[in-house]
Amino acid sequence: MKILVCISKSPDTTSKIAFTDNNSKFDENGVQYIVNPYDEWYALVRALEIKESSGGNVTIITVGNANDEAVIRKALAIGADEAVRVDTDPTDAYYTAMQIAEYAKSNGFDLILAGKETINYNGSQVAGMIAEAMDLPFISLASKLDINGSTLTLEREIAGGLQVVDVNLPAVVSCAKGMAEQRIPNMRGIMAARTKPLNVIAPVAIENLTEFVAYTMPATKSACKMIDPNNMDELVELLHNEAKVI
Amino acid sequence: MSVLVYINSNNGLYKSAFEAVTYGKKLGGDVTVITSGAADTKVLAGLGKYGAGKVLVDRSLQGDDDQQLTRIIANAVVSSGATTIIFSHDLTAKAVAPRLSVRLKAGLVSGAIEVPNGDGTIKVNVFSGKAFSSVKVNSASKIISLLPNSIQPEVSGSDCEVEEFNGNSGESKVKVLSTKKPEGEIPLPEAELVVSAGRGLKGPENWGMVEDLAKALGAATACSRPVADIGWRPHHEHVGQTGVAIRPNLYIAAGISGAIQHLAGVNGSKVMVVINTDAEAPFFKAADYGILGDAFEVLPRLTEAVKKFKSSGN
Ligand SMILES: Cc1cc2nc3c(=O)[nH]c(=O)nc-3n(C[C@H](O)[C@H](O)[C@H](O)COP(=O)(O)OP(=O)(O)OC[C@H]3O[C@@H](n4cnc5c(N)ncnc54)[C@H](O)[C@@H]3O)c2cc1C
Ligand SMILES: Nc1ncnc2c1ncn2[C@@H]1O[C@H](COP(=O)(O)O)[C@@H](O)[C@H]1O
């Protein structure tokens with residue numbers, strides 16, 4: 001069983017969000033990067049569990065520059081066997097997905113796992129794009145994944161409900177909450193990660209379909225209006241006449 | 001310009017369908033809707049009121065296999081000559097729009113919250129609602145996935161024609177074993193009013209008062225992450241950075257501290273009310289209306305006030 005897990009970095013969830021260069025770039029000053037939580041907690045950990053129960057190999061892939069090696073090592077410390085870094089900036093989802101699909105096509109994986117979304121761009125795009133580029137089935141937002149021979153049984157959220165589906169390998173799955181539990185890397189894992197292979201490969205030439213050109217911050221909220229806890233009629237009145245939401 | 005709007009009509013039409021068609025209409029040009037399944041023709045014709053000129057329906061596909069849907073939509077793009085394709089940014093869009101983007105080589109803009117600016121860029125939510133970005137599309141065709149509750153549906157016309165469409169959906173590689181539909185609940189991402197509670201409620205046995213208020217308002221219920229993690233509430237109610245992101249008109253949070261990861265999923269709400277015993281709770285900084293008090297007393301009182309308001313004819 002060869003599993004490929006797509007790993008991206010994201011700013012620590014408590015990071016202050018700011019922009020530079022005339023609001024055209026994310027300000028990385030003082031930002032601590034982490035492995036995107038969906039990729040780490042759900043996709044990677046579930047891949048490791050499958051490997052532990054039925055054998056195989058877990059490769060992680062990141063489209064990113066040399067600065068991303070710290071988060072890649074962290075994912076290796078959690079237990080991935082080897083890492084691939086496509087040496088380029090992930091400028092848009094299409095560009096990123098095509099890089100990953102290119103590598104996956106020539107390396108024959110049974111299963112490709114990604115996170116539900118990156119918490120910075122929240123696009124939920126990359127995994128579905130990889131699937132289409134490889135003409136593979138894509139199970140989006142899976143909360144449970146079981147494997148039986150060459151068949152996957154998955155639970156996934158669909159519009160208005162929970163669906164249970166079977167699909168044959170190879171397949172692409174994006175992973176959401178419920179799939180696995182977060183693992184904290186131990187000292188042995190951290191030591192081992194230092195010597196695990198990290199292959200840097202060159203990107204293929206692909207155009208960007210989209211560009212993030214400018215950023216803005218939401219308008220600052222006016223101060224919170226305090227209401228007497230004994231006067232809920234006043235709150236209802238304000239919600240109706242002032243806020244006009246009920 | 002021609003616009004194609006994909007609508008999921010498998011469980012009837014939700015408000016998000018009317019929003020997507022309205023959005024298509026606002027772009028100017030002809031609006032064609034593509035859908036699949038067994039929805040009533042009369043109901044589909046009603047999309048004309050929001051600006052659709054025609055609805056195409058492929059009756060041969062009953063499920064929502066994303067590879068099959070992608071083929072149908074791609075064929076509808078050809079037959080309608082559309083250069084812009086609109087989705088509502090729901091679970092179907094998250095499965096299908098990326099596939100379509102690759103198939104058509106059309107740039108995908110996810111999470112749009114406005115119609116395109118004069119320069120053609122489109123504003124989207126990024127950093128879990130902590131910022132916005134303008135996205136420029138470089139390809140000739142584009143796909144826009146509209147965040148629910150970003151624009152209001154607008155009635156501009158009357159019923160339109162509904163045409164049977166053969167989208168050549170092809171085979172499915174996915175076998176559906178079962179589908180569980182939550183009964184009678186308002187799906188959280190669609191809800192205009194949401195009542196949510198956190199660890200301050202102390203235990204699952206106390207959720208009756210949360211549900212009572214939700215019922216009085218006609219609201220959906222939500223919760224903070226630890227509450228879903230301990231199993232007090234089902235996972236699908238968990239809102240925030242790692243849960244569902246919502247942007248209702250009204251979000252009422254009782255016994256939730258307002259951690260940054262929680263706010264990331266709810267800060268798109270138009271109005272936020274917070275009920276907390278701790279004046280230092282960070283939620284008060286983000287909220288519009290604050291009640292410094294005990295949720296166990298405030299929630300029932302608020303429910304009574306809402307009932308009184310509703311019974312007076314509102
Ligand atoms: C990577 C990451 C992702 C995360 N994602 C999410 C997410 O998606 N969603 C999410 O919610 N959290 C998320 N969290 C967790 C988040 O940081 C907080 O720990 C969590 O939101 C706290 O939940 P809470 O407010 O219910 O509980 P608490 O922090 O325990 O707060 C309880 C609140 O209730 C108040 N209270 C107590 N008694 C009463 C009473 N009788 N009446 C009124 N108020 C009362 C207290 O004053 C307190 O403010 C994430 C954390 C990390 C690190
Ligand atoms: N630069 C990247 N390198 C590797 N995987 C990525 C990258 N960006 C996104 N992904 C994967 O694709 C998923 C969805 O990302 P997105 O489409 O940006 O929301 C993430 O959870 C990752 O698993």
Side-chain angles (χ1 to χ4, degrees), chain A residues 13-14 17 37-38 93-94 97 119-129 131-133 137-141 143 157-168 177-178 207-218 221 224-227 229 232-233 235-236 238-240 243 245-246, chain B residues 8 11 64 66-67 90-92 94-95 98-99 101-103 107-111 121 126-128 130-139 173-182 187 217 235 241-242 249-250 260-261 270-271 284 286-293 298 301-302 305-306 309:
Chain A
T13 54
T14 55
I17 305 300
Y38 295 106
Y94 179 79
I119 63 173
N120 32 3
Y121 292 105
N122 313 106
S124 266
Q125 298 189 4
V126 170
M129 288 178 171
E132 184 67 18
F138 168 48
I139 308 302
S140 54
L141 308 190
S143 50
E157 251 190 285
I158 58 159
L162 200 64
Q163 199 178 53
V164 183
V165 301
D166 264 358
V167 65
N168 285 332
K177 186 181 168 147
E207 72 273 43
N208 279 338
L209 299 183
T210 57
E211 258 172 78
F212 288 89
V213 286
Y215 295 90
T216 44
M217 299 296 286
K221 281 235 173 199
C224 181
K225 196 178 254 185
M226 297 305 290
I227 316 277
M232 285 303 103
D233 289 331
L235 177 65
V236 169
L238 287 169
L239 292 177
H240 182 61
V245 288
I246 60 171
Chain B
N8 181 342
N11 307 307
D64 44 20
D66 51 87
Q67 266 180 305
D90 59 10
L91 294 158
T92 313
K94 287 178 185 176
R99 296 201 84 116
S101 167
V102 171
R103 178 164 287 234
L108 169 56
V109 182
S110 302
T121 62
V126 289
F127 293 96
S128 307
K130 287 174 222 162
F132 306 111
S133 181
S134 308
V135 182
K136 183 172 152 234
V137 179
N138 296 330
S139 49
K173 293 184 187 161
V174 177
K175 194 164 119 209
V176 177
L177 305 179
S178 70
T179 306
K180 266 186 283 179
K181 284 188 187 124
L217 281 166
H235 280 309
Q241 185 126 50
T242 45
N249 293 340
L250 174 62
I260 191 161
Q261 298 94 352
K270 292 200 178 78
V271 173
F284 283 111
D288 302 278
Y289 300 102
I291 299 137
L292 184 59
V298 174
R301 241 180 251 150
L302 179 53
V306 169
F309 165 76

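Being a predicted model, the structure only gives us computed values, none of them experimental. We name chains A, B, ... by the order of the sequence lines, and we start the count at 1 in each one.
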Student: Would you name the heavy atoms of A:Met217 and B:Lys130 that are closest together and state the gap between them?
Tutor: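 Taking every non-hydrogen atom into account, CE-O, 3.7 Å.
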Student: What part of A:Tyr94 lies closer than 4.5 angstrom to a heavy atom of chain B: side chain, backbone, both or neither?
Tutor: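 Contact with chain B involves the side chain of A:Tyr94 alone.
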Student: At their closest point, which heavy atom of B:Asn249 faces which heavy atom of A:Val245, and how far apart are they?
Tutor: O-CG1, 3.4 Å
Student: How long is the straight-line distance from CD1 of A:Ile17 back to CD1 of B:Ile260, given to the nearest 0.5 Å?
Tutor: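 Result: 7.5 Å between the selected atoms.
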Student: Locate the shortest heavy-atom distance separating B:Asp64 from A:Gln163; write the atom from each residue and the value.
Tutor: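 That closest heavy-atom pairing would be OD1-NE2, 3.4 Å.
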Student: Just how far is it from atom CG of A:Asp166 to atom CG of B:Leu177, taken to the nearest 0.5 Å?
Tutor: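 The distance works out to 4.0 Å.
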Student: Please flag which part of B:Thr121 lies under 4.5 Å from any non-hydrogen atom of chain A: side chain, backbone, both or neither.
Tutor: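 Just its side chain gets close to chain A.
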Student: Identify which of B:Ser178, B:Ala95, B:Ala131, B:Ser139 forms the greatest number of heavy-atom pairs closer than 4.5 Å to chain A.
Tutor: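 Most heavy-atom pairs within the cutoff with chain A belong to B:Ser178.
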Student: Got a sec, which residues hit ring pair (Phe, Tyr, Trp, His ring centres under 6.0 Å) with A:Tyr121, two or more places apart in sequence or on another chain?
Tutor: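 Per chain and number, A:Tyr121 pairs via ring pair (Phe, Tyr, Trp, His ring centres under 6.0 Å) with A:Phe212, B:Phe127.
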Student: Between the side chain of B:Arg301 and the main-chain N/O of A:Pro229, is any donor-acceptor distance below 3.5 Å?
Tutor: yes
Student: Under the rule for side chain to side chain donor-acceptor pair (under 3.5 Å), what residues qualify as partners of B:Ser133, not counting sequence neighbours?
Tutor: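 Side chain to side chain donor-acceptor pair (under 3.5 Å) list for B:Ser133, sorted by chain: empty.
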Student: Does any heavy atom of chain B fall under 4.5 Å from the side chain of A:Leu141, the backbone, both, or neither of them?
Tutor: side chain
Student: Specify which of A:Ala133, A:Ala97, A:Ala243, A:Pro218 makes the most heavy-atom pairs with chain B at under 4.5 Å.
Tutor: A:Pro218
Student: Do you know which of A:Asp233, A:Val167, A:Val164, A:Val236 has the most heavy-atom pairs with chain B at a distance under 4.5 angstrom?
Tutor: A:Val164
Student: Compare every heavy atom of B:Arg99 with every heavy atom of A:Gly128, then report the nearest pair and how far apart it is.
Tutor: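 Closest approach of A:Gly128 to B:Arg99: O-CG, 3.8 Å.
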Student: Can you tell which of A:Pro137, A:Ala127, A:Ser124, A:Gly123 has the highest number of heavy-atom pairs within less than 4.5 Å of chain B?
Tutor: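 Most heavy-atom pairs within the cutoff with chain B belong to A:Pro137.
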Student: Give the C-alpha distance, both sets of side-chain angles, the deciding distance and a yes or no for side chain to side chain contact (heavy atoms under 4.5 Å, CB included) between B:Val176 and A:Val165.
Tutor: CA-CA 4 Å; B:Val176 177; A:Val165 301; 4.1 Å; yes
Student: Rounded to the nearest 0.5 Å, how far does OG1 of B:Thr242 lie from NZ of A:Lys177?
Tutor: 6.0 Å
Student: Measure distances from A:Ile227 to the heavy atoms of chain B and classify the residue's part below 4.5 Å as side chain, backbone, both or neither.
Tutor: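 Interface part for A:Ile227: both.
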Student: If I take atom NZ from residue B:Lys173 and atom CD1 from residue A:Ile139, how far apart are they, to the nearest 0.5 angstrom?
Tutor: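 Those atoms lie 11.0 Å apart.
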Student: If you count heavy-atom pairs under 4.5 Å with chain A, which of B:Phe132, B:Phe309, B:Phe284 comes out on top?
Tutor: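 The option with the most such pairs is B:Phe132.
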Student: If you compare all heavy atoms of B:Gly290 against all heavy atoms of A:Cys224, which two are closest, and at what distance to 0.1 Å?
Tutor: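 Distance-wise, the nearest heavy atoms are N-SG, 3.3 Å.
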Student: So which atom in B:Lys94 and which in A:Phe138 form the shortest heavy-atom distance, rounded to 0.1 Å?
Tutor: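 What the structure gives for the nearest pair is O-CE2, 3.9 Å.
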Student: So which of B:Leu217, B:Val298, B:Val174 has the largest heavy-atom pair count under 4.5 angstrom toward chain A?
Tutor: B:Val174
Student: Is it the side chain or the backbone of A:Val213 that comes within 4.5 Å of chain B heavy atoms, both, or neither?
Tutor: both
Student: Nearest 0.5 angstrom please: A:Met129 CE to B:Leu108 CG, how far?
Tutor: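 Between A:Met129 CE and B:Leu108 CG, I get 5.0 Å after rounding to 0.5 Å.
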Student: So which part of A:Ser140 gets closer than 4.5 Å to some heavy atom of chain B, the side chain, the backbone, both or neither?
Tutor: side chain
Student: Report the distance from atom OH of B:Tyr289 to atom CG of A:Leu235, rounding to the nearest 0.5 Å.
Tutor: 8.0 Å
Student: For the interface with chain A, which of B:Ser134, B:Ala286, B:Gly107 has the highest count of heavy-atom pairs at distances below 4.5 Å?
Tutor: B:Ser134
Student: Please tell me whether A:Thr13 and B:Gln241 have a donor and an acceptor in their side chains that are separated by less than 3.5 angstrom.
Tutor: no
Student: Could you check B:Leu250, B:Leu302, B:Asp288 and say which one makes a side chain to side chain contact (heavy atoms under 4.5 Å, CB included) with A:Leu239?
Tutor: B:Leu250
